[in-house]
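The structure appears right after this line, and notes come after that.
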Amino acid sequence: MHILILGGTTEARALAGLLHGGGVRVTSSLAGRVASPRLPEGEVRIGGFGGAEGLAEWIGAHAVDAVIDATHPFAERISFNAAGAAATAHVPLLALRRPGWVPADGDRWLSVPSLPAAADALDGLGERVFLTTGRMGLAAFAALPHWFLVRSVDAPEAPMPARAEVLLDRGPFTLDGERELLAGHRIDVLVTKDSGAAATAPKLTAAREARIPVVLVRRPPVPDGVPVVTTPEEAAAWVRSRLP
């Protein structure tokens, strides 16, 4: 049985480890947006497919029996391409999606639909912004007068804010580390995406403790009709239930 896992997320790597061997051939497909990604067990391909049509052709050419979309919650395009390709290739598709974050008592969250909306929301919230939305999309903040601490795995792409300090780092992050970062840089507002997962959640706890407002970008829409699980173990069980 050949399983194609889409995504380089923590959940995708865990799932590849659970499935590798045991009668399952696993190919993980990474987008290639990170310079030195953490590679999962099994076979790995890096790069795009050329849309839904190209993905469907790859599925057929490589005798894929099922596809699991374990991409980042904000990888909207590939999720819709996966749904279209799976339907064209007549193979089952499962989505492995980590749950979003849930506010706790004391959180000061402002939910917005997009990065431009997040930029608009900053007026009056604070002047020193901790921006953790990734290295792409910084153009939405480029014209703002605020000071930004931009954290990303790889160097950000231009255009970006004129007053910015770049911090290259990769999670998981600790609560003590996030507390020190907020205090040391005198951060008074946090901007992030609702990516979920525990690896990057400590910043939210640190912001709550410091009574710092959080501008939270909501997740984009997902394809209808695709079954969803929230853990690699559930996804592995789904695969094993289809083993001959």
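Nothing here was measured: the structure is a model prediction, and the numbers come from that model. Count residues from 1 along the sequence.
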If we count only N and O atoms by modelled type, under 3.5 Å, do the side chains of Thr27 and His2 hold a donor and an acceptor together?
yes
What heavy-atom pair brings Gly7 and Leu30 nearest, and what distance separates the two atoms?
O-CD1, 4.2 Å
Could you tell me the separation between the OG1 atom of Thr88 and the CD1 atom of Ile59, rounded to the nearest 0.5 Å?
8.5 Å
I'd like to know if Val189 and Val166 are part of one continuous hydrophobic network [Ile/Leu/Val/Met/Phe/Trp/Tyr, side-chain heavy atoms within less than 4.5 Å].
yes
With a 4.0 Å cut-off on N to O distance, would you call Arg208 and Asp107 a salt bridge?
yes
Over all heavy atoms of both residues, which pair between Leu190 and Ala207 is shortest? Give the atoms and the distance, please.
CD2-CB, 4.3 Å
Under a single-linkage rule joining Ile, Leu, Val, Met, Phe, Trp and Tyr whose side-chain heavy atoms are separated by less than 4.5 Å, which residues share a cluster with Val228?
none
Return the set of residues passing side chain to side chain contact (heavy atoms under 4.5 Å, CB included) with Glu157 (not counting sequence neighbours), or none when no residue passes.
Arg135, Met136
Taking side chain to side chain donor-acceptor pair (under 3.5 Å) as the test, write out the residues that go with Glu57, two or more places apart.
none
Assess Arg170 against Phe173: is NZ or CZ under 6.0 Å from the centre of the six-membered ring, and within 45 degrees of the ring's axis?
no
Trace of the side-chain contact (heavy atoms from CB on, under 4.5 Å) decision for Leu115 with Phe74:
CA-CA 12 Å; Leu115 290 176; Phe74 283 81; over 6 Å; no
Please indicate whether Glu209 has more than 12 foreign heavy atoms, meaning atoms of other residues, nucleotides or ligands, lying under 6.0 Å from its CD.
yes
Linked, directly or transitively: Phe49 and Val67 (ILVMFWY side chains, under 4.5 Å):
yes
Partners meeting side chain to side chain donor-acceptor pair (under 3.5 Å) with Glu234 (sequence neighbours left out):
Thr230, Thr231
Show the nearest heavy-atom pair for residues Pro145 and Arg163, with the distance to one decimal.
O-NH1, 2.6 Å
Euclidean distance, Ser28 OG relative to Arg13 CZ, rounded to 0.5 Å
10.0 Å
Nearest 0.5 Å please: distance from the CD atom of Glu43 over to the OG atom of Ser29.
12.0 Å
For Ala121 and Leu125, which heavy atoms make the closest approach, and how far apart are they?
O-CD1, 3.2 Å
Consider only side-chain N and O atoms of Thr174 and Asp176, and report whether a donor and an acceptor are under 3.5 Å apart.
no
Side chains of Ser195 and Thr200, heavy atoms from C-beta outward: is any pair under 4.5 Å?
yes
Under the criterion side-chain contact (heavy atoms from CB on, under 4.5 Å), I'd like the reasoning laid out for Leu144 against Leu122: C-alpha separation, chi angles, the key distance, then a yes or no.
CA-CA 9 Å; Leu144 296 183; Leu122 286 177; 3.8 Å; yes
Flag side-chain contact, heavy atom, 4.5 Å: Arg98 against Thr9
yes
In terms of hydrophobic clustering (I, L, V, M, F, W, Y; side-chain heavy atoms under 4.5 Å; direct or indirect links), are Ile187 and Leu167 co-clustered?
yes
Any donor-acceptor pair under 3.5 Å from His62 side chain to Val64 backbone
no
Listed once per pair and sorted, the side-chain hydrogen bond (donor to acceptor under 3.5 Å, both in side chains) pairs that draw on residues 211-221, sequence neighbours left out
Ser111-Arg218
So do the side chains of Asp188 and Ile212 get within less than 4.5 Å of each other, counting heavy atoms only?
no
In Å and rounded to the nearest 0.5 Å, what is the OG to CG distance from Ser152 to Leu138?
7.5 Å
More than 12 heavy atoms of other residues, nucleotides or ligands under 6.0 Å from CZ of Arg242: yes or no?
yes
If you look at every heavy atom in Val150 and Ala164, which pair is closest and at what distance?
CG2-CB, 4.3 Å
Indicate the atoms forming the closest heavy-atom contact of Asn81 with Gly51, along with that distance.
ND2-CA, 3.8 Å
Under a 3.5 Å distance rule, please check whether Asp194 uses its side chain to pair with a backbone N or O of Trp101 as donor and acceptor.
yes
With sequence neighbours left out, what residues match Pro223 under side chain to side chain contact (heavy atoms under 4.5 Å, CB included)?
Ser79, Phe80, Ala83, Arg97, Val226
Backbone of Gly47 reached by a side-chain donor or acceptor of Arg45 within 3.5 Å
yes
Hey, what else clusters with Leu19 if you join Ile, Leu, Val, Met, Phe, Trp, Tyr whenever side-chain heavy atoms sit under 4.5 Å?
Met1, Ile3, Ile5, Leu15, Val24, Val26, Ile68, Leu94, Leu96, Val229, Trp238, Val239, Leu243
Under the side chain to side chain contact (heavy atoms under 4.5 Å, CB included) rule, collect the residues that match up with Ala206, sequence neighbours excluded.
Leu175, Glu178, Arg179, Leu182
Scan residues 113-159 for pairs that pass ring-ring contact (aromatic ring centres under 6.0 Å, His included), counting only residues two or more places apart or in two chains.
Phe141-Phe148
Can you name the residues that form a side chain to side chain donor-acceptor pair (under 3.5 Å) with Glu165, not counting sequence neighbours?
His185
Quick one: pull up CD1 in Ile46 and CG in Leu39 and give me the separation to the nearest 0.5 Å.
6.0 Å
Got a sec, which residues hit side chain to side chain contact (heavy atoms under 4.5 Å, CB included) with Ala158, two or more places apart in sequence or on another chain?
none
If you measure from CG on Leu131 to OG1 on Thr192, what distance do you get to the nearest 0.5 Å?
8.5 Å
Apply the hydrophobic cluster definition, ILVMFWY joined by side-chain contacts under 4.5 Å directly or through others, and give me every member besides Leu18.
none
Under the criterion side-chain contact (heavy atoms from CB on, under 4.5 Å), I'd like the reasoning laid out for Leu110 against Val214: C-alpha separation, chi angles, the key distance, then a yes or no.
CA-CA 6 Å; Leu110 175 62; Val214 177; over 6 Å; no
Does the salt bridge (charged side-chain N to carboxylate O under 4.0 Å, His left out) test come out yes or no for Asp169 and Arg151, once each step is laid out?
CA-CA 7 Å; Asp169 203 356; Arg151 183 167 70 189; 5.2 Å; no
Where do Thr132 and Val191 land on the side-chain contact (heavy atoms from CB on, under 4.5 Å) test, with the steps shown first?
CA-CA 6 Å; Thr132 66; Val191 179; over 6 Å; no
